[in-house]
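Let me begin by presenting the structure, written as structure tokens, before commenting on it.
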Amino acid sequence: MKKKMIFSEFFRNNGVIMGSALMGLVGFWLIFLVILPQLSMLDYSFRFNLPPADVGTAKDVYTLSNYEHLLYGSDKTHATFNTVDLMVFVRTIIAAIMVTLFNIVLCYPLAYFLGQSKGSGLARLLVVLLIIPYWINEILRAFALRIIFGDSGLLNETLMLLHLTKEPIDFIRQDIALYAGLGYAYILLMLFPMYNVIESLDRNQIEAARDMGASWTRIHRRIVIPHAKPGIVSGATMVFMLSAGALAAPQILGGPSSLWFTQLVYQWFNDSLNWQQGAAYAIVLLISTILIVLTVMRIFKVNMGDIGK
Amino acid sequence: MSTASIIRIALFAYLAIFFSYLLGPLVVMSLTAFNSAAFPSVSPWACYTYEWFDVLFNDKHIKEGIYYSVIIGLGTVALSVSMGLAASIVLTQVWAKFRSTYYTLIIAPILVPGVVLGISTLVFWDRFGDFIRAGDGSMLDGLFHNGIFLTILGQSSFIASYCMLVFVARLQRFDPGLTEAALDLGATHTQAFRKILLPFMRPAIASASVLAFLASFENYNTTTFTIVKYKTLTTVLAQKVRLGINPSISALAFIIIMMTIILALGFETYRRNNARKEAVRLGKAKESKGFLPGFLTGNPAAIVLVLVSFVVISMIGTAQSYSPQQCKAEVLAAKKAEVAKAIKALKLKRTIKQQSDSLKGPDIFTPDPANKKGSFGGVFDPNNLTNEEPAKPEAPAANKKPASGAFGGVFDPNNLQKD
Amino acid sequence: MSSGVAVDLENVWIKFGDFVAVREANVNINGGDFFSFLGPSGCGKTTILRAVSGFLEPSDGRVLIGGNNMAGIGPNKRPTALIFQNLALFPLMKIWENISFSMEVAGASAKERRKRADELLDMIALEGQGDKLPSELSGGQKQRVAIARALCANPDVLLLDEPLSALDLKLRQHMRTELREIQQRVGITFIYITHDQGEALTMSDNVAVMKAGVIDQIDNGHEIYDRPATPFVASFVGENNVFRGKISQISGSEAVISSNRSGELRAQITPSQVGKMNVGDDAMMFVRPEALALGESDPASKTTVSAKVLNEEFEGASFSVFLEGDGGKQIKMAMPNLGQKLEGHTGETLSVHYDANNAVVMPAGELASE
Ligand SMILES: Nc1ncnc2c1ncn2[C@@H]1O[C@H](COP(=O)(O)OP(=O)(O)OP(=O)(O)O)[C@@H](O)[C@H]1O
Ligand SMILES: [Mg+2]
């Protein structure tokens, strides 16, 4: 009854043609591109990887085996854990968190500087300089870092030239290249939300606080950071989600012995052709990252409306 | 020294570090495009060369990738801009109670990992095809397994959210009274949309289209799953980079960087020029009468733009006649002597490395035969590089260039893949 | 030009969720009338107008235009044109395109549109300004363009939502006359919304006074001013002295209240309450400052009050004299400036007197808060 009223009001406000076009587009997007695909992936993750002939037959039943595989590996007795994959998972999450924290620390001063010197020539130049790398392909950016961190890359050559090291340091195997690459890849998604909120902070507030004798650290702790909180959390959310879900950077910059969780998903799909297993891994990744983000948003009392500003 | 000057110095040091982290890699990568060394590097500078651009322009995989990237980009722009616009309009009308739920729904795709979006698109449309019983070979069946179609859908699922954000920002400044006024004057809803809202949204639609196209063009995570049999620029690049890197990729990056810079400067010039015209119109500034063309007046962006264009044009000009053959021959001779010396050392190193790796576990670190095609072979026949098949590992040691690297690319992804 | 068409609201209720914005409105507007809705901010005036123009469906009741039920007919199909509170000129269109927009959507050629736009520009005294953008016009000019744009659609009913509120005083007075002239020239029904009583009284044939979603009184300006139907109308329109008390005596259309502080006072019962009031009812009596005059104390007439002069204000054409009656009762009296002087009287107790025909009594109720 109430629904009917909402719809009739919607169509009266938009006309039948425009109303249907709007509804159709939004409906197609949300239902066919977002909700149903996620649900069907969820459904897939509970099924066996059957040959096409067996799909839909009595053998096609629901199972937890794909999730069990992440926990126990191929060990059917469940006596030992699948330490390899679990370690990859834990490492991915922890590393993504570290990358996020690194980005916060690195971006905050610049965001503050840009936000408070808005309109000045230097600030505008810096913003243009920031935007340029933003439009360079993720893969090319990873490639650029690979040139620098490679065995005979610029960094090693420089270090050896300065006699700081004799042997080239294997930055890639040490995962240094990977972390630098992940931090590099999404740094602007951290910077811009922070910059936007700090820019909206009234300078007078800072001056008033300084007038009352507050120290710089206190001004930041009590005034700037609380004001910038939505931007920081918004940026951190994006960086965390994108780092945890990154594929290109780990593929290009990752060491041979350390995988990223998305690479496992990729392997299940493209190498082992076991979509069901891959879907289960993807679901684990999706749900755990969302839970982490929601927890952080709850802790910092930031809501969804602040994301994407 | 006063605290103020310490703060200043610290600030500049910090800015320098930040921007070298951000821009340094791009500069280095651009430089490697002009070094004749087969492994992209700057430090042992061999010869200044344009040959990597030739390699790039003759690479049919890259060309094909660009072609499909553009098609997919255009499709994604069309779909995601219309979905994003519709979603933002609905957001202004949706019941206050549902607004936050609705907003969460339409913003969520931005936060879902691209890998997950790719997989779910692939899985869903595969099943949807089965569900509506599109038999093999039928048009629908072809569509649901068509990489281009799936990639457009997969990318649009989250790019539409970006577009939506652009539109919401603009819609906030729209007076819905204008649409009502149009309706009141007899316009149909469609006319009111076309004549009132659409013109108002035009700048936002333009920026959303650019944003959507670029986001689509550079997307990898989603595309790599949904593209199936086709390839886009990013998947081609990823494959090349994983199989072993060479400076033709740097050449591509250099072109993209230059285009970005010219576009950014062009945009800035356009904006300043408009601002100046407005000022002239309002009588706040005088029409320039100097010898400079009007659009250069007080417009540093325009001046830089002209300079950059000049550099690019002269580079293209010299590229036609410049030949590094002489320099290369010298470098080659020098290298040969060096190689002979290095072979021994290399052999020793490899044995040690292999031993230590085998202790570490399943992921075996082996020198990658694919990379050996680099260095010398590439110098003489650039087209070899575009060959996807790994060069045959004949005389591996002699063909390697230990000092300047081939080793950077030793991680053969095939070795990484388990089972 | 089309001639006026009647507009009727029958028992109209408009609700937003649980909130009632308009309660049981019954209004009959004659064709060709200049009809005003007057009321404080937020009382539901715009809401009523939106129901007439078709942007809102009443939750209950009917809207009739020219006798036809408008239920289910969208704003683009109704013979009304609305001038918005903020004008809503299309910022990206030139003036002439704005004016002729209704022809554009009907498919008229650019030549026809330009011709009609130029005619209307002449009418609103903006000839030759058709190629400007709205942002390049002054407030009053925009105002006139909005009127021309609405008239270009040849509406049977023109709806105006506080169109003058953004203008300065001088321009507002000028536009009032101009609007009234346009209305007389085109002869269509105008429904005008305002919270400015001066505007409503000078321009309208009839005025509806609203309070919080309820229409208190519909009448011509004189009746509204002289015979307010409720305490709200009495106190909202113009200034009034209010005396509270209980009815002590009724004879026909006249009643006497025994006021709380000022003794027995005689007044006319407001027409809508004649025969409905009883002795002992709580009542309010209103008398306008200009209906008060100095006079002899005459308690038997039941039309005098004694009060002490507090101070006076000179207002050019008149004086306002502020007095304090028994028990601190505030009374305001207006006297035409005839050269007399009251300076010496401050602090004196005087006798103030009025004509019972110029005072109204009605059941007690809520006053308009200033
Ligand atoms: N769309 C709506 N949803 C909910 N409440 C509304 C809506 N539109 C109006 N109202 C409420 O209805 C009441 C009447 O609003 P209306 O706009 O009619 O006032 P008004 O008399 O025109 O006031 P003003 O003189 O300030 O323009 C107000 O309390 C307002 O908050
Ligand atoms: Mg209003």
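Here is the naming used below: chain letters follow the sequence lines, and residue numbers restart at 1 for every chain.
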Please report the shortest heavy-atom distance between Ser120(B) and Pro37(A), naming the atom on each side.
CB-O, 3.3 Å
Given that the side chain runs from C-beta out, which part of Phe254(B) has a heavy atom under 4.5 Å from chain A: side chain, backbone, both or neither?
neither
Most heavy-atom pairs under 4.5 angstrom with chain B, which of Met18(A), Met241(A), Glu138(A)?
Met18(A)
Let me see the working for Leu111(B) and Met238(A) under side chain to side chain contact (heavy atoms under 4.5 Å, CB included), right down to the final yes or no.
CA-CA 6 Å; Leu111(B) 297 177; Met238(A) 304 266 263; 4.1 Å; yes
Just verifying a value: how many Å separate Met41(A) CE and Arg127(B) CZ, rounded to the nearest 0.5 Å?
12.0 Å
Max heavy-atom pair count under 4.5 Å with chain B, selected residue of Ala142(A), Cys107(A), Gly278(A):
Cys107(A)
Between Asn219(B) and chain A, with a heavy-atom cut-off of 4.5 Å, which part of the residue counts as in contact: side chain, backbone, both or neither?
neither
Would you mind telling me which of Ile256(B), Ile249(B), Ile89(B) has the largest number of heavy-atom pairs within less than 4.5 Å of chain A?
Ile249(B)
Return the option, out of Ile119(B), Thr260(B), Val115(B), with the maximum number of heavy-atom pairs under 4.5 Å with chain A.
Ile119(B)
From the list Leu30(A), Ile283(A), Leu39(A), Val34(A), the residue making the most non-hydrogen contacts under 4.5 Å with chain B is Leu30(A)
Search all heavy atoms of Arg141(A) against all heavy atoms of Leu26(B) and return the closest pair with its distance.
CG-CD2, 4.4 Å
Return the minimal non-hydrogen interatomic distance between Asn221(B) and Ala248(A), and the atom names on each side.
OD1-N, 3.7 Å
Examine whether an atom of Leu110(A) lies under 4.5 Å from a heavy atom of chain B, and if so say whether it belongs to the side chain, the backbone or both; otherwise answer neither.
both
Could you tell me whether the side chain of Leu153(B) reaches within less than 4.5 Å of the side chain of Phe32(A), counting heavy atoms only?
no
Contact winner vs chain B - Leu130(A), Val293(A), Leu145(A), heavy-atom pairs under 4.5 Å
Leu130(A)
Chain A shares the most heavy-atom pairs under 4.5 Å, among Phe217(B), Phe19(B), Trp125(B), with Phe19(B)
Please walk me through it: do Thr188(B) and Ile17(A) pass side chain to side chain contact (heavy atoms under 4.5 Å, CB included)?
CA-CA 10 Å; Thr188(B) 61; Ile17(A) 299 174; over 6 Å; no
With a 4.5 angstrom heavy-atom cut-off, could you sort out which part of Ile139(A) is near chain B: side chain, backbone, both or neither?
side chain
Over 60° means perpendicular and under 30° means parallel, so classify the ring planes of Tyr184(A) and Tyr21(B), tilted if in between.
tilted
Which of parallel (below 30°), tilted (30 to 60°) and perpendicular (above 60°) describes Phe225(B) and Tyr266(A)?
perpendicular
Would the distance check show the side chain of Tyr220(B) and the main-chain N or O of Ala246(A) forming a donor-acceptor pair, the cut-off being under 3.5 Å?
no
Looking at CG of Leu22(A) and OG of Ser88(B), how far apart are the two atoms once the value is rounded to the nearest 0.5 Å?
9.0 Å
Would you mind telling me which of Gly19(A), Ala21(A), Ala180(A) has the largest number of heavy-atom pairs within less than 4.5 Å of chain B?
Ala180(A)
Heavy-atom contact with chain A under 4.5 Å, split by part of Ile17(B)
neither
Please examine the side chains of Leu23(B) and Pro133(A), heavy atoms only from C-beta on, and report whether any two atoms are closer than 4.5 Å.
yes
Nearest-0.5 Å distance, CZ of residue Phe124(B) to CG of residue Asp43(A):
11.5 Å
Over all heavy atoms of both residues, which pair between Gln38(A) and Val116(B) is shortest? Give the atoms and the distance, please.
OE1-CG1, 3.6 Å
Could you report the tightest heavy-atom contact between Trp29(A) and Ala87(B), atom names first, then the distance?
CZ3-CB, 3.5 Å
Out of Val16(A), Leu36(A), Leu42(A), Thr262(A), return the one with the most heavy atom pairs under 4.5 angstrom to chain B.
Leu36(A)
Would you sort out whether Phe269(A) and Val123(B) count as a side chain to side chain contact (heavy atoms under 4.5 Å, CB included), showing the intermediate values?
CA-CA 11 Å; Phe269(A) 257 78; Val123(B) 168; 4.2 Å; yes
Greatest number of heavy atom pairs closer than 4.5 Å to chain A - which of Ile257(B), Leu105(B), Ile106(B), Leu263(B)
Ile106(B)
Is the shortest side-chain heavy-atom distance between Val26(A) and Tyr102(B) below 4.5 Å?
yes
Among Ser161(B), Ser80(B), Ser156(B), Ala215(B), which residue forms the greatest number of heavy-atom pairs with chain A at distances under 4.5 Å?
Ser161(B)
Looking at CG of Leu140(A) and CG of Leu233(B), how far apart are the two atoms once the value is rounded to the nearest 0.5 Å?
7.5 Å
Is the distance between the ring centroids of Tyr14(B) and Phe113(A) under 6.0 Å?
no
Check: Asn13(A) side chain, Gln93(B) main-chain N or O, donor-acceptor pair, under 3.5 Å
no
Note: Pro113(B) and Leu286(A) closest approach over all heavy atoms is CD-CD1, 3.7 Å
Where do Asn14(A) and Phe193(B) land on the side chain to side chain contact (heavy atoms under 4.5 Å, CB included) test, with the steps shown first?
CA-CA 9 Å; Asn14(A) 295 287; Phe193(B) 175 75; over 6 Å; no
Closest-packed option against chain A by number of heavy-atom pairs under 4.5 Å, given Ser100(B), Gly114(B), Ala86(B)
Ala86(B)
